[in-house]
Amino acid sequence: MIPLLICSILALAIIIERFYALRISRVAPAATTNELWRLIKKKELNSRRLKAIQESSPIGRIMAAGLSNAKHGRDIMKESIEHEASQVVHELERFLNPLGTIAVITPLLGLLGTVIGMIKVFSQIQLAGVGDPGVLAGGISEALITTASGLTVAIPALVFHRFFIRRVDEMVVNMEQEAIKLVEVVHGDRDIIVDEGGEQ
């Protein structure tokens, strides 16, 4: 039960941390991209504003990496975006592998606890016989509690692991679209229309 308790605490901590870290408003806020398109459209983008965009959010880091190397050509710009994006994705996926591992091992830990408990019950039978069914029933129920506990930890951990993986995938697709748009705009293959509501 102690390993299961540790796993449950870790899983809860990871879930809370990832809920905070994987908010759209933190990773890819619309205000950042809207401001970037506005600055590009009005040709007001300078190094100070580019640094502010870079520090604002993960998507700002990706866009700033591309813009910093735009003068070296399309291929270098794309490579810079891909390099920065790989680091951002790695950060977005942080702690998801441990959460997946917890989802996998906790049922096994529960089953192990049950098996060990059943071994103890049968040892009692061997020593004292089956004279007191209440003692045996109590021992068996105690052994099965570990399996139930393992599943209680594993099911939410698996659900949230899949949920966070899906959320990261959606964010990556969104950031890829914005990065492709940026390359096309900078190299004159695409025009942008900026209104008061942002970029279209």
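Bear in mind the structure is a predicted one, so any value in this text is a computation, not a measurement.
Here the side chain of T32 pairs no donor or acceptor atom with the backbone of A28 at under 3.5 angstrom. Side-chain N or O atoms of T114 include none that pairs as donor or acceptor with a backbone N or O of T146 at under 3.5 Å. In this structure, the side chain of R49 engages the main chain of E44 through a donor-acceptor pair within 3.5 Å. Put simply, the side chain of K71 gets close to the backbone of S68: a donor and an acceptor are under 3.5 Å apart. A donor-acceptor pair is defined here as one N or O able to donate and one able to accept, closer than 3.5 Å; no such pair exists between the side chain of R74 and the backbone of E184. When atom types are taken as modelled, the side chain of R167 and the backbone of L22 share a donor-acceptor pair closer than 3.5 angstrom. Side-chain N or O atoms of S57 include none that pairs as donor or acceptor with a backbone N or O of R26 at under 3.5 Å.
Pairing each heavy atom of C7 with each of I105, the nearest pair is SG-CD1, 4.2 Å. For the pair A103 and A154, the tightest heavy-atom approach, listed with the atom from each and the gap, is O-CB, 3.4 Å. Here the shortest heavy-atom pairing between S149 and M1 reads OG-CE, 3.5 Å. Residue R18 comes nearest to E93 through the heavy atom pair NH1-N, 4.4 Å, listed as atom of the first residue, atom of the second, then distance. Closest approach of M77 to G66, counting heavy atoms only: CG-O, 3.2 Å. The minimum heavy-atom distance linking I165 with L96 is given by the pair CD1-CD1, 3.8 Å.
Proximity of E79 to H72: side-chain heavy atoms (C-beta onward) are nowhere separated by under 4.5 Å. Between Q54 and L67, every side-chain heavy-atom pair lies at or beyond the 4.5 Å cut-off. For the pair L112 and I116, the minimum side-chain heavy-atom distance is below 4.5 Å. In this structure, F164 and L92 have side chains that are not in contact, with every pair of non-hydrogen atoms separated by 4.5 Å or more.
A donor-acceptor contact closer than 3.5 angstrom links the side chains of H83 and Q87.
Note on I62 and L50: same hydrophobic cluster, where clusters join Ile, Leu, Val, Met, Phe, Trp and Tyr whose side-chain heavy atoms are under 4.5 Å apart, directly or indirectly. In the hydrophobic cluster analysis, where Ile, Leu, Val, Met, Phe, Trp and Tyr join through side-chain heavy atoms closer than 4.5 angstrom, I6 is grouped together with I102. Connection of L4 to L144 is not established within any shared hydrophobic cluster, with ILVMFWY side chains joined at heavy-atom distances below 4.5 Å, either directly or through further cluster members. I145 and V121 are members of different hydrophobic clusters when ILVMFWY side chains are connected at heavy-atom separations under 4.5 Å. Grouping the Ile, Leu, Val, Met, Phe, Trp and Tyr side chains by contacts below 4.5 angstrom, directly or via other members, places L158 apart from F160.
The environment of N97 atom CG is sparse: at most 12 non-hydrogen atoms of other residues, nucleotides or ligands sit within 6.0 angstrom.
A salt bridge is defined here as a Lys NZ or Arg NE, NH1 or NH2 lying under 4.0 Å from an Asp or Glu carboxylate O, and E35 with R38 meets this definition.
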- Check against side chain to side chain contact (heavy atoms under 4.5 Å, CB included), T152 and T106: CA-CA 9 Å; T152 302; T106 46; over 6 Å; no
- Task: Decide side chain to side chain contact (heavy atoms under 4.5 Å, CB included) for V172 and V168; before the verdict, give the C-alpha distance in whole Å, the side-chain angles of both, and the deciding distance to 0.1 Å.
- Result: CA-CA 6 Å; V172 168; V168 169; 4.1 Å; yes
- Could you go step by step and tell me if I24 and N174 meet the side chain to side chain contact (heavy atoms under 4.5 Å, CB included) rule? CA-CA 10 Å; I24 294 288; N174 178 52; over 6 Å; no
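In this pair, F19 and F163 present their aromatic rings tilted. The plane angle is within the 30 to 60° band.
Within the cation-pi definition used here (under 6.0 Å to the ring centroid, within 45° of the axis), R23 qualifies as a partner of Y20.
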